[in-house]
Structure formats: structure tokens, C-alpha cells
Amino acid sequence: MNILGIETSCDETSASIISDGNLIVNTVYSQKIHKQYGGVVPELASQEHLNEIIDVIETTLEKSNLSIVDIDALAVTYGPGLMGSLLIGLNFAKGMALSLKIPFLGINHLEGHLFSNYIDNKKIHFPHLSCLVSGGHTQLWLIKDYNDYKLLGQSIDDAAGEAFDKGARILGLNYPGGPEIDKISKNGNPNFVKFTRPKVKDSIYNFSFSGLKTALLYYCNDLSKEDLKLNIKDIAASYQEAIIDCLNQGIMNVVNNYDIKQIYISGGVASNSRFRQKSKVLQAETNISIIFPKLEYCTDNAAMITMAAYHKIIKGEKSSFDLSPIPNLKL
Ligand code: KG4
Ligand code: ZN
């Protein structure tokens, strides 16, 4: 069975093909237009999807050596995300499904991130912990089976990726801030500023990052421009360290209270090099393997959407043509 998946929830136009559960090709076009505005501009994002989607899908088909008539089903993100962006992908998938007379299935983008961990890895053990850390979400999921998840905790304010992006803006770095902070922190001292690691009263599985961002803002406001420039690597490394420590503390809290066989990390922040480095220490402490997806499956991509769809389509799931985009879709 060949499934063509489409992802257009934010600023990546992406298509992929999974054949009998194996990824054949994944094409991602990352929109560059937003950089100059310091964040994603929704109207420009949908326009860019419209400009690029045909090319992305044609490239995907060409690379797969399959023809369009070999596609048995379509998968597409229908939320959460930007309304205009979701509409482009969803309507494109509906149009293709209608003309090819094949089924299509709407996929929750968050579920896609969880499935990014199963693209290359076939040794999956349940129950496992899935830590989803993206630009919009920071969540800890107990995964009992492919279709059986329980949300243990999440950020009560900013997501970890948002904390990276907002922190980068305070430091005067480019958007998206995560990769920028990651890059300059490599030569920085993570203990230069002792940022408090915020704790959430209600639950040991919840996170809070907005106070950390405010602490960075106050710290930078007290510095002269010259001092900020001089110490930017150390300040960025210290801020990054605080975010990673909070994530690792949440993971530890789950490990201490649940019988977990594996730990999976997903979402854009899973690309972070310090997070990956520190997870090795955590792995040694907990004796539980911590698995990150390949870098190209951390940030938004259609491969993860198609993988999530594969596990549902083989069970006969499909969507009806009245499916609408849901920008604030929950999992
Ligand atoms: O999963 P994703 O592509 O989109 C959402 O679904 O939100 O995640 C994007 C987020 C952005 O906030 C970006 O700054 C962050 O992931 N990110 C990183 C890194 N690469 C991307 N954060 C920290 N370190 C990175 N290397
Ligand atoms: Zn995402």
C-alpha cells in the first residue's frame, strides 16, 4: 500500500510517500519569507503553500519512482495549525482523493510528531514516554499502544520552542530562535547565569517557561549593549541549559512514577544538540533508552504525518469529505 501524505500546518510545505510502512521519500520546502518579519506571517504562509505545493508533490512522486495512479490513499494534516495553511493542504488532498477515487485521512499534527519516532525505528516497546517539544506544544505522553495515549503533563504557558524563539528575540538573534541559540551556545558557558528552573505547583509533570523568558529579559535589560554582545554566547547557553533542565526534570518525574520501557523525544526542539547531549547522561542515570528522531523528522515534515496515517489506514480508517481544518485541534 502506497500512502501519499501532505503537511502544510505552518511554514513547511511537505509531502512524503510511505510504502507498506516504509518511508520512500520525504520532501520539505521550508518557507524563508518569514525570517525578515521575525516570525510566521499567516497570510504569507498560505500564499507560499499555494505557490509550492504542486512542485513539492511532483518532486515527491518523481523521487519515489511511482506514478500518481500507484497511490492508494492520501493523508493530510487537518490541525492544529494556521487556518489558511491547513486549508491549502486539506483541500489539495481532498481534490486528489476525489479525482483519483481513493480514500483520504485527516491527521492530527501532534499525533504526527509522536509518530516521527517510528519512521526509522522498528524496535518499539510499550508503554513508553513520548516527550513532544515543538514551537506550540510541550507535552509528556504515556503511550500504551499505537492508538492509546494519555497526556501526563504539559506547559501551562509558553511551549519550549516558543521559549527559544522569544529568548532569541530578546538576545537580538534571528527567527526561528531555537537553532540560533543552539548554534551560539556551543561555545558558551551554561553556568554563566544561574537562571531559576521554574516549577509548577499543581503537577510535577507540567512545565512553565514564561517566567524564564522574563528572567532573561530582566537580565538583559540590566546589561549595556556592549556587555550583552560580549557575553551573548554564555547568556544564551545558560538560558538554553535552563530550558533543557526543565524538560529533563519532567522526564525524570515520569520515569520515577511509571513503568516506562523507552523514552521518545519529538518536535522541533528535539533537534537541539545540548538536549541530545544531556539525554545521554539521563539515559545512563535511568537505564532507559532515550530515542530522538533523525534531524529532518524533528521539525515539521510530511513523513511523520504519513506514518501516523499508515497505522490507521491499515485498520480501515478514513475521513469524510466534509472534514474541516481545526486550528486549535487537541490530541
Ligand atoms: O515542530 P516544529 O517544527 O513546529 C511546530 O509544530 O511548532 O517546531 C518548531 C520549533 C521552533 O520554536 C524552533 O525554534 C524550535 O522548534 N527548534 C529548536 C531547534 N530547532 C528548531 N529549538 C531548539 N534547538 C534547536 N536546534
Ligand atoms: Zn510541528
Side-chain angles (χ1 to χ4, degrees), residues 5-14 16 26 28-31 34-35 38-40 42 45 76-82 85-86 89 107-117 130-139 154-155 158-171 173-186 188 190 207 209 212-213 236-237 239-248 264-279 292-308 327-331:
I6 298 171
E7 154 67 36
T8 63
S9 67
C10 192
D11 57 342
E12 260 88 29
T13 316
S14 181
S16 114
N26 180 46
V28 182
Y29 170 77
S30 291
Q31 303 177 359
H34 309 286
K35 255 200 169 94
V40 178
V76 61
T77 307
Y78 75 105
L82 302 169
S85 293
L86 292 165
I107 294 291
N108 183 318
H109 179 84
L110 303 178
E111 202 169 6
H113 275 300
L114 300 183
F115 276 79
S116 66
N117 290 112
S130 217
C131 175
L132 163 51
V133 267
S134 68
H137 296 83
T138 303
Q139 298 178 327
Q154 60 186 327
S155 175
D158 293 349
E162 208 177 341
F164 271 105
D165 294 336
K166 288 179 174 171
R169 191 185 285 224
I170 293 167
L171 294 170
L173 301 171
N174 283 337
Y175 177 86
E180 296 285 318
I181 290 185
D182 190 352
K183 198 164 65 192
I184 68 163
S185 297
K186 283 189 177 133
F207 305 94
F209 292 107
L212 199 54
K213 170 201 65 196
Y239 181 69
Q240 170 177 270
E241 197 77 357
I243 297 174
I244 304 301
D245 283 351
C246 291
L247 294 173
N248 281 343
Y264 288 99
I265 317 287
S266 61
V269 180
S271 330
N272 185 269
S273 59
R274 183 70 175 156
F275 193 15
R276 287 174 177 246
Q277 193 184 18
K278 287 196 95 175
S279 79
F292 287 78
K294 271 190 194 155
L295 288 180
E296 62 254 48
Y297 309 136
C298 291
T299 43
D300 292 346
N301 65 87
M304 65 185 196
I305 301 300
T306 321
M307 186 52 85
N328 60 354
L329 183 65
K330 304 271 181 294
L331 184 57

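Order of listing sets the numbers, starting from 1, for every ligand and every atom in it. When a residue number appears, it is its place in the shown sequence, counting from 1. Only this structure's heavy atoms are used, side chains among them; waters, hydrogens and symmetry mates stay out.
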In the protein, what heavy atom is nearest to [atom], and what distance, to one decimal place, separates them?
atom                    : result
atom 13 (C) of ligand 1 : D165 OD1, 3.8 Å
atom 17 (N) of ligand 1 : G268 O, 3.5 Å
atom 24 (N) of ligand 1 : N272 ND2, 3.0 Å
atom 22 (N) of ligand 1 : G178 CA, 3.3 Å

Next on the checklist: Classify the ring geometry of F207 against F209: parallel below 30°, tilted from 30° to 60°, perpendicular beyond 60°.
Outcome noted: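 The rings of F207 and F209 lie parallel, inter-plane angle below 30°.
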Short N/O distance, under 3.5 Å, between [X] and ligand 1?
X    : result
G267 : no
P176 : no
S273 : no
G135 : yes

I'd like to check which ligand 1 atoms, numbered from 1 as shown, lie under 4.0 Å from a non-hydrogen atom of [X].
X    : value
V269 : 16 (O), 18 (C), 22 (N)
H113 : 1 (O), 6 (O)
G136 : 7 (O)
D300 : 1 (O), 2 (P), 3 (O), 4 (O), 5 (C), 6 (O)
T299 : 3 (O)
G161 : 12 (O)

Item to check | K213 bridged to E162 by N-O distance under 4.0 Å | outcome: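 No, K213 and E162 are not salt-bridged.
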Checklist entry - In Å, rounded to the nearest 0.5 Å, how long is the span from CD1 of I170 to OH of Y239? => result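 With rounding to 0.5 Å, CD1 (I170) is 6.0 Å from OH (Y239).
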With a 4.0 Å cut-off on heavy atoms, is [X] touching ligand 1?
X    : result
E12  : no
H109 : yes
C10  : no

Say whether [X] and [Y], considering side chains only, have a donor N or O and an acceptor N or O under 3.5 Å apart.
X    : Y    : value
T306 : S16  : yes
N272 : Q240 : yes
H137 : Q154 : no

Next on the checklist: Below 4.0 Å, non-hydrogen atoms only: which portion of D182 touches ligand 1? Side chain, backbone, both or neither.
Outcome noted: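 Looking at D182 and ligand 1, just side chain atoms fall under 4.0 Å.
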Next on the checklist: I need the contact type for H137 against ligand 1. Using non-hydrogen atoms and a strict under-4.0 Å cut-off, is it side chain, backbone, both or neither?
Outcome noted: neither
Checklist entry - Got an N, O or S from H113 under 2.8 Å of the Zn ion (ligand 2)? => result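 Here the distance criterion (N, O or S atom, under 2.8 Å) is met by H113, so yes.
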Next on the checklist: Between H109 and the Zn ion (ligand 2), is there a contact where an N/O/S atom of the residue lies under 2.8 Å from the metal?
Outcome noted: yes
Next on the checklist: Are the side chains of L331 and L114 in contact, using a 4.5 Å heavy-atom criterion?
Outcome noted: yes
Next on the checklist: Just so I know, are the side chains of N328 and P80 near enough to count as touching, which here means a heavy-atom distance under 4.5 Å?
Outcome noted: no
Are any side-chain N or O atoms of [X] and backbone N or O atoms of [Y], one a donor and one an acceptor, separated by less than 3.5 Å?
X    : Y    : value
R276 : A270 : yes
N301 : Y297 : yes
D11  : Q31  : no
N108 : K330 : yes

Item to check | Closest contact, heavy atoms only, T138 versus V133 | outcome: CG2-CG1, 3.7 Å
Next on the checklist: For N/O/S atoms only: which one belongs to D300 and is nearest the Zn ion (ligand 2)?
Outcome noted: OD1
